[in-house]
Amino acid sequence: MTKFLHSMIRVSDPDATIAFFELVGLKEVRRFDSEQGRFTLIFLAAPGEEGVAEVELTYNWPPEDGATETYTGGRNFGHLAYRVDDIYETCQRLKDAGHIIHRPPRDGHMAFVKSPDGISVELLQDGHLPPQEPWASMENTGTW
């Protein structure tokens, strides 16, 4: 039997990434620091999805000179997808926190945003909401 465990993304700023995913509705469920390997693993999940469908954030500690790694190619990963109770409320929360809604929920069903490291995150409405302004007339921004 095969069971999905998690998807892993590398992050350059764990605090910023955790704050981003908290706006989507995920919470940190566990954390593991490896002194020898010089990395931290942080697992996030939606309420009730702990141990079922998680995102693993991998933070590789900077070398002694303090230079952090820069990750590119987040679009090559594809995207993470989350069902949300109210796509308009979720997008507004993200927007108010300074995140760009790259593909607004014009149809009341789907939107795309990016994490601080450029990982594309698809938001899908649980059910369907009628189109609503300002989202209905908002243009796409950048790539998603």
Side-chain angles (χ1 to χ4, degrees), residues 1-129 131-132 134-135 138-144:
M1 180 171 126
T2 301
K3 179 181 175 184
F4 176 80
L5 298 176
H6 63 264
S7 291
M8 184 276 278
I9 57 176
R10 289 180 179 85
V11 301
S12 57
D13 184 340
D15 293 335
T17 303
I18 291 168
F20 170 83
F21 281 109
E22 285 177 345
L23 294 167
V24 174
L26 278 65
K27 299 290 181 203
E28 182 175 333
V29 294
R30 67 186 175 285
R31 180 183 290 240
F32 172 75
D33 291 320
S34 172
E35 293 284 337
Q36 183 177 3
R38 298 190 47 77
F39 65 85
T40 299
L41 303 180
I42 305 161
F43 291 85
L44 309 175
E49 295 295 307
E50 302 87 350
V52 177
E54 298 179 343
V55 174
E56 172 192 331
L57 308 180
T58 297
Y59 174 62
N60 294 311
W61 301 354
E64 291 182 20
D65 67 7
T68 60
E69 290 186 56
T70 301
Y71 300 106
T72 59
R75 287 282 293 161
N76 294 341
F77 170 83
H79 66 267
L80 301 171
Y82 293 97
R83 182 173 35 238
V84 296
D85 289 332
D86 186 323
I87 197 163
Y88 297 130
E89 180 181 298
T90 302
C91 286
Q92 190 63 55
R93 222 177 21 251
L94 287 158
K95 188 174 184 228
D96 290 348
H99 297 284
I100 296 169
I101 309 301
H102 291 275
R103 195 285 190 187
R106 288 185 295 276
D107 56 3
H109 179 69
M110 178 182 69
F112 277 87
V113 296
K114 288 187 181 179
S115 76
D117 288 289
I119 301 297
S120 189
V121 177
E122 179 181 21
L123 304 173
L124 294 166
Q125 173 62 41
D126 188 8
H128 191 80
L129 295 177
Q132 179 178 313
W135 310 104
M138 196 177 288
E139 295 292 323
N140 291 344
T141 302
T143 60
W144 42 276

4.5 Å side-chain heavy-atom contact, Ile9 and Leu57 = yes

In Å, rounded to the nearest 0.5 Å, how long is the span from CE of Met8 to OG1 of Thr58?
-> 4.0 Å

Salt bridge (Lys or Arg N to Asp or Glu O under 4.0 Å) with Glu139: which residues, sequence neighbours excluded?
-> none

Would you find a donor on one side and an acceptor on the other, under 3.5 Å apart, between the side chain of Arg10 and the backbone of Asn60?
-> no

Nearest-0.5 Å distance, CD1 of residue Ile100 to CG of residue Asn140 | 12.5 Å

For residues Trp61 and Ser34, report the shortest heavy-atom separation together with the two atoms involved.
-> CH2-O, 3.6 Å

Do Gln125 side-chain atoms and Gly108 backbone N/O form a donor-acceptor pair below 3.5 Å?
-> no

Leu41 and Arg30, any side-chain heavy atoms less than 4.5 Å apart | no

Pair Leu80-Phe21, side-chain contact (heavy atoms from CB on, under 4.5 Å): steps then yes or no = CA-CA 11 Å; Leu80 301 171; Phe21 281 109; 3.8 Å; yes

Please list, chain by chain and in numerical order, all residues satisfying ring-ring contact (aromatic ring centres under 6.0 Å, His included) with Tyr82, sequence neighbours excluded.
-> none

Main-chain N/O of Gly48 paired with Glu50 side-chain donor or acceptor, under 3.5 Å = yes

Could you give the distance from CG (Leu44) to NE2 (His6), rounded to the nearest 0.5 Å?
-> 11.5 Å

For the student: nearest non-hydrogen atoms of Glu54 and Gly51, plus distance = OE2-N, 2.6 Å

Heavy-atom side-chain proximity of Leu123 to Cys91 below 4.5 angstrom | yes

Could you check whether the rings of Phe32 and Phe39 sit parallel, tilted or perpendicular, using 30° and 60° as the cut-offs?
-> tilted

Within a strict 4.5 Å, meaning less than it, do heavy atoms of the Trp135 and Ile87 side chains meet?
-> no

How long is the span from the CD1 atom in Ile18 to the CG atom in Leu26, to the nearest 0.5 Å?
-> 11.0 Å

On a heavy-atom basis, the closest approach of Gly25 and Pro47 is O-CD, 3.4 Å

To the nearest 0.5 Å, atom OH of Tyr59 lies from atom CZ of Arg38 at 9.0 Å

Donor-acceptor pair, side chain of Asp107 and main chain of His109, under 3.5 angstrom | yes

Side-chain donor/acceptor of His102 to backbone N/O of Thr141, under 3.5 Å | yes

Can you name the nearest heavy-atom pair linking Lys114 to Phe20, along with the distance?
-> O-CE1, 3.2 Å

Verify, without hydrogens or angle tests, whether Arg106 (side chain) and Pro131 (backbone) share a donor-acceptor contact under 3.5 angstrom.
-> no

What is the distance from atom CZ of Arg93 to atom NE2 of His99, rounded to the nearest 0.5 Å?
-> 11.0 Å

Is the CG atom of Asp96 crowded by more than 12 outside heavy atoms at less than 6.0 Å?
-> yes

